[in-house]
Amino acid sequence: MGLVVQKYGGSSVADAEGIKRVARRIVDTKKAGHQVVVVVSAMGDTTDELIDLAEQVAPIPAGREFDMLLTAGERISMALLAMAIKSLGHEAQSFTGSQAGVITDSVHNKARIIDVTPGRIRTALDEGNIAIVAGFQGVSQDKKDITTLGRGGSDTTAVALAAALDAGVCEIYTDVDGVFTADPRVVKKARKMDWIAFEDMLELASSGSKVLLHRCVEYARRYNIPIHVRSSFSGLPGTWVSNEPPQGERPMEQAIISGVSHDTSEAKITVVGVPDKPGEAATIFRAIADAEINIDMVVQNVSAAATGLTDISFTLPKAEGHKAMEALSKAQTVIAFDSLRYDDQIGKISLVGAGMKTNPGVTATFFEALSNAGVNIELISTSEIRISVVTRVDDVKPAVQAVHSAFGLDSDSDEAVVYGGTGR
Ligand code: ASP
Ligand code: MG
């Protein structure tokens, strides 16, 4: 009997009924003899609603106040959950990220955890409490301001606490039964995996799979914390994400493909008419980096011999689009490019699998599937274990379905269940 960290996502605690259901599950874990630390997200779409509200009062809200606002969502659910547990006759105490010792840097809206000092959580556990921690937030080391870890950051809070408290497992409860070969909201025939290696999960996460965030998986891999992703709505075992499959049951041969992910949260910026000479790309991306924007794919076209000008396109989170356009416009005095184009009607489809390294023909099958579905490809990028393409946003669903089928990933048994959430 050890210490268990459980994380419940927004759709699991979307209303009072959900909170009571989750409270019963937590109490059952405690009754089984475990010490339980629970990390909770904001109820339902609360975070999105708070963001909408902020944008109505200020088009570009100040980072510090934005974080202060958003952390309120998790504080509501943590307090309600603690109350629900108490009314079942068990002791529980809720803690903000700051009280739980989640120390971050001071980059508002996407702070990084730099230390976890969970002294108060240990004390609460030793006194027989269930500890409830507000996910997705911390306090900055230097300024002592409240920070948030970026969208979906509660998973990272959970893994970070699991590492700091030396928990045997971090259970991530969500609205689907585990990690699927594609988003079950898009592919009904997606298959649940029993196990996936950290490496493949990292690629899926960085290419848009929303079930676990990249940063959370990265953290778990660094501290070797096995993650068990499962549904809070069913009692079914979910997917283990770890270095080795549980009980060492590594499949005879590694699957060639782990899954197909997609991402519609990015936009594409094209810098048109860039002089084709050394240093231009560097200046463009330095301007983007100085604005603290992370970019994804980059493509530079061959320059037209007649003009000596080239176009450079890159993708980035839509949420950073405005800031990036501003930064580039300012840089136009240094780089004499013609114009900027902004396109937020794009989507990205990625095929991920460690077996890709040693299997020829994967790329061909991928492009054939897209072609059969009548999907036009705008950008391509690859890693050792991933191929990604950018398409029109409307093509994303048919493309994901076509690729999933083409690689024989469709399940022949049940349809995947989505228990809740709006997928927003
Ligand atoms: N409530 C935050 C969000 O919706 C954090 C989380 O859910 O993990 O992004
Ligand atoms: Mg959420």
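Remember, it's 1-based here, ligands and their atoms both numbered in the order they're listed. By convention here, the first residue in the shown sequence is residue 1. Below, each value reflects all heavy atoms present in this structure, side chains not excepted, and no hydrogens, waters or symmetry copies.
Listed by number with element, the atoms of ligand 1 under 4.0 Å from a non-hydrogen atom of S41 are 6 (C), 7 (O), 8 (O). Atoms of ligand 1 found under 4.0 Å from any heavy atom of T47 (numbered from 1 in listed order, with element): 1 (N), 2 (C), 3 (C), 4 (O). For ligand 1, the atoms closer than 4.0 angstrom to any heavy atom of F136 are 2 (C), 5 (C). Close approach of ligand 1 to R151 (heavy-atom distance below 4.0 Å) involves ligand atoms 3 (C), 4 (O), 9 (O).
When the heavy atoms of G10, G9, S154, G73 are ranked by distance to atom 6 (C) of ligand 1, first place goes to S154.
Within the 4.0 Å heavy-atom shell around ligand 1 one finds G153. For the ligand labelled ligand 1, residue G152 lies inside the 4.0 Å heavy-atom shell.
Checked by atom type, the side-chain pair D145/S140 shows no donor-acceptor distance below 3.5 Å. Side-chain contact, D395 with N376: no donor N or O sits under 3.5 Å from an acceptor N or O.
For the pair V107/R112, no side-chain contact is recorded, criterion being any heavy-atom separation below 4.5 Å from C-beta on. Counting heavy atoms from C-beta on, the side chains of K268 and E378 come closer than 4.5 Å. Taking 4.5 Å as the limit, some side-chain heavy atom of R24 sits within range of a side-chain heavy atom of R21. A heavy-atom distance below 4.5 Å is not found between the side chains of V159 and K7.
Considering backbone and side-chain N/O atoms, E74 comes within less than 3.5 Å of an N/O atom of ligand 1.
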